[in-house]
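Proteins get letters first, then strands, A, B, ... in listed order; numbering begins at 1 in each.
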There are 2 protein chains.
Amino acid sequence: MNKTPQKTVERLIQYRRIVQQMRDAGQEKVFSHQIARVSGASPAQIRRDLMGVGYSGSPAHGYIIHDLLQGIYEFLGLTEKKGACIVGLGSLGRAILGYFHEQNPVLKIKAAFDTDPAKTGIVFHGTLCHPASDMASVIRDKEITVAILTVPVEQAQQAAQQLVYAGIRGILNYAPVVLDIRPDIFVENRDMIQAVEKVAYFSK
Amino acid sequence: MNKTPQKTVERLIQYRRIVQQMRDAGQEKVFSHQIARVSGASPAQIRRDLMGVGYSGSPAHGYIIHDLLQGIYEFLGLTEKKGACIVGLGSLGRAILGYFHEQNPVLKIKAAFDTDPAKTGIVFHGTLCHPASDMASVIRDKEITVAILTVPVEQAQQAAQQLVYAGIRGILNYAPVVLDIRPDIFVENRDMIQAVEKVAYFSK
DNA sequence: GTTTAATTGTTAATTTTTTCACAACGTGAA
DNA sequence: TTCACGTTGTGAAAAAATTAACAATTAAAC
Ligand SMILES: NC(=O)c1ccc[n+]([C@@H]2O[C@H](COP(=O)([O-])OP(=O)(O)OC[C@H]3O[C@@H](n4cnc5c(N)ncnc54)[C@H](O)[C@@H]3O)[C@@H](O)[C@H]2O)c1
Ligand SMILES: NC(=O)c1ccc[n+]([C@@H]2O[C@H](COP(=O)([O-])OP(=O)(O)OC[C@H]3O[C@@H](n4cnc5c(N)ncnc54)[C@H](O)[C@@H]3O)[C@@H](O)[C@H]2O)c1
């Protein structure tokens with residue numbers, strides 16, 4: 001089903017952001033080499049990635065930005081309906097929540113969860129913080145499919161299990177631990193220390 | 001010089017974390033299939049990745065954790081000497097600083113920078129916040145090679161240029177903008193919205 | 001000592017991803 | 001109309017990454 005390579009999906013998401021900025025700047029058409037210049041990918045790569053999307057440009061004027069965006073959008077399955085939640089409103093969790101609030105992306109954070117009674121019941125950046133024990137019902141009611149996990153590392157495995165039980169389909173994990181959960185749940189790990197180490201390695 | 005593929009480097013960094021946890025749990029030896037189980041990579045992949053590192057395990061007892069760690073360490077060039085800095089101590093910047101402080105990795109954040117006079121001169125999580133104007137001298141004095149960029153998106157390009165001028169070799173960029181700088185500077189972009197969108201796509 | 005069982009390092013095969021190359025196309029100039 | 005130009009979509013080639021396969025090796029069992 002998900003035959004499109006992860007790399008391609010990542011780039012499509014990036015193209016969308018880039019092309020959206022061009023549209024916001026008043027541009028109406030775009031060529032693959034223009035996207036290439038700012039994304040770092042080659043023009044051929046971009047055309048190939050776009051093959052799967054189902055929208056075709058024209059040799060005469062390139063891609064009509066409006067239609068291209070629509071195409072990528074639909075391909076990625078980003079709709080208003082889909083929603084995310086964030087688990088753990090510590091310093092990182094609140095920073096991410098603030099970022100989503102100011103950027104206002106299509107995929108919204110519809111709910112937050114924390115175990116700390118001092119945080120539950122409070123609205124942070126427009127999002128209500130629920131007690132973690134309400135996870136299952138809130139996730140079901142709001143039709144939330146993905147979760148951002150920003151709890152302390154000792155709590156991460158347990159919180160992930162709770163999320164899976166609540167019916168979540170994918171987790172973006174910021175805790176530095178490898179989650180041991182069902183293989184049909186998509187997990188993406190993001191560790192900032194690992195990221196810095198990677199940059200350090202390639203900064204020779 | 002950097003002939004090792006990025007993917008391999010990323011995995012090596014991950015293996016190191018995993019193996020370190022095993023060591024901390026008292027384990028002394030490890031087999032490729034054990035690393036495989038928790039990392040998600042295949043045993044063959046792990047052995048192949050390890051080929052470049054310069055340490056060999058034995059068919060009899062697998063890898064001696066102490067020596068393996070040492071090998072990966074040296075291969076990655078992670079030494080006490082190398083240092084990072086963080087630019088922009090907003091909510092995200094302070095969260096990252098706190099994370100590094102508590103995790104205490106080899107690659108330390110040796111300095112922070114901000115333009116806000118209310119922040120400069122203050123020590124956050126053990127790290128002094130310098131005025132952004134001191135960037136060049138501080139980076140030179142402390143031999144800092146990589147930077148974590150967490151300034152508002154409008155400031156990112158300008159701050160990046162300042163960093164390059166100060167002699168930085170790599171940037172981990174959290175601002176949602178593609179930096180336009182010299183190609184010999186290694187840039188890794190990390191956008192949380194893009195990450196969530198990727199998870200959403202694969203959570204079918 | 002010899003055998004057994006398990007695991008490594010590495011070469012070869014396979015699969016995946018990227019790049020190349022070019023026919024086909026549409027536009028605008030002559 | 002015809003031509004020249006610049007770009008797309010895509011099949012084919014090339015490159016890169018992953019997986020498979022196996023001889024070599026060593027500890028422990030017998
Ligand atoms: N701060 C960073 O930049 C950073 C970066 C990468 C990873 N991390 C990791 O992300 C996690 C959070 O970091 P932080 O600095 O925000 O920590 P934090 O301690 O400030 O916040 C953790 C929050 O999670 C809540 N929590 C605890 N258990 C919970 C549970 N079972 N369910 C729901 N909420 C729960 C706590 O009440 C707290 O509000 C940690 O694992 C940290 O290692 C942090
Ligand atoms: N908050 C998040 O989770 C998140 C996630 C992804 C990306 N981002 C991006 O990261 C950046 C920071 O986010 P934030 O929420 O921490 O914002 P913030 O406004 O809280 O913090 C920005 C900080 O940068 C400082 N600053 C401004 N210009 C500077 C300069 N030229 N040099 C040094 N410091 C400077 C400001 O004084 C402030 O302290 C933004 O670009 C944001 O879009 C944030």
Flag, side chain of [X] to backbone of [Y], donor-acceptor distance under 3.5 Å:
X      : Y      : result
B/K29  : B/H61  : no
B/T115 : B/P131 : no
B/Q162 : B/A132 : yes
A/T150 : A/G88  : yes

Protein proximity profile, nucleotides 5-13 of chain C - base contact B, sugar-phosphate-only contact S, no contact -, cut-off 4.0 Å on heavy atoms: --BBBBBB-
Hey, can you pull the donor-acceptor pairs under 3.5 Å for the side chains in residues 185-196 of chain A, sequence neighbours left out?
residue: A/E188; atom: OE1; partner: B/K198; partner atom: NZ; Å: 3.1
residue: A/E188; atom: OE2; partner: A/R190; partner atom: NH2; Å: 3.1
residue: A/E188; atom: OE2; partner: B/K198; partner atom: NZ; Å: 3.2
residue: A/N189; atom: OD1; partner: A/N173; partner atom: ND2; Å: 2.9
residue: A/D191; atom: OD1; partner: A/I193; partner atom: N; Å: 2.8
residue: A/D191; atom: OD1; partner: A/Q194; partner atom: N; Å: 3.0
residue: A/D191; atom: OD1; partner: B/Y99; partner atom: OH; Å: 3.4
residue: A/D191; atom: OD2; partner: B/R17; partner atom: NH1; Å: 3.0
residue: A/D191; atom: OD2; partner: B/Y99; partner atom: OH; Å: 2.8

Between C/dC20 (P) and A/Q45 (CD): distance, integer Å: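 The answer, rounded to whole Å, is 11 Å.
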Distance in angstrom units between A/L12 CG and C/dT18 P, rounded: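 A/L12 atom CG is separated from C/dT18 atom P by 11 Å.
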Just how far is it from atom [atom1] of [X] to atom [atom2] of [Y], taken to the nearest 0.5 Å?
X      : Y      : atom1 : atom2 : answer
A/Q70  : A/I64  : CD    : CD1   : 13.0 Å
A/K108 : A/I144 : NZ    : CD1   : 13.0 Å
B/F124 : B/D114 : CZ    : CG    : 7.5 Å
B/Y174 : B/I96  : OH    : CD1   : 4.5 Å

Exercise: identify the closest heavy-atom pair between B/I168 and B/C85: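 What the structure gives for the nearest pair is CD1-SG, 4.4 Å.
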Donor on one side chain, acceptor on other, B/E10 and B/Q14, under 3.5 Å: no
Base-pair map of DNA chain C as dot-bracket, where | denotes pairing with a different strand and pairs are Watson-Crick or G-U under 3.5 Å: ||||||||||||||||||||||||||||||
Stacked cation flag B/K204 on B/Y201, 6.0 angstrom / 45 deg: yes
DNA chain D: 5'-most and 3'-most nucleotides touching chain B, 4.0 angstrom heavy-atom criterion: D/dA17 to D/dA27
Nucleic acid contacts - residues 13-24 of chain A versus DNA chain D, non-hydrogen atoms under 4.0 Å: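 Heavy-atom contacts with DNA chain D come from no residue of residues 13-24 of chain A; none.
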Let me check something: any side-chain donor-acceptor pairs from residues 32-39 of chain A under 3.5 Å, sequence neighbours excluded? List them with distances.
residue: A/S32; atom: OG; partner: A/R47; partner atom: NH1; Å: 3.4
residue: A/Q34; atom: OE1; partner: A/F31; partner atom: N; Å: 2.8
residue: A/S39; atom: OG; partner: A/I35; partner atom: O; Å: 3.1
residue: A/S39; atom: OG; partner: A/A41; partner atom: N; Å: 3.1

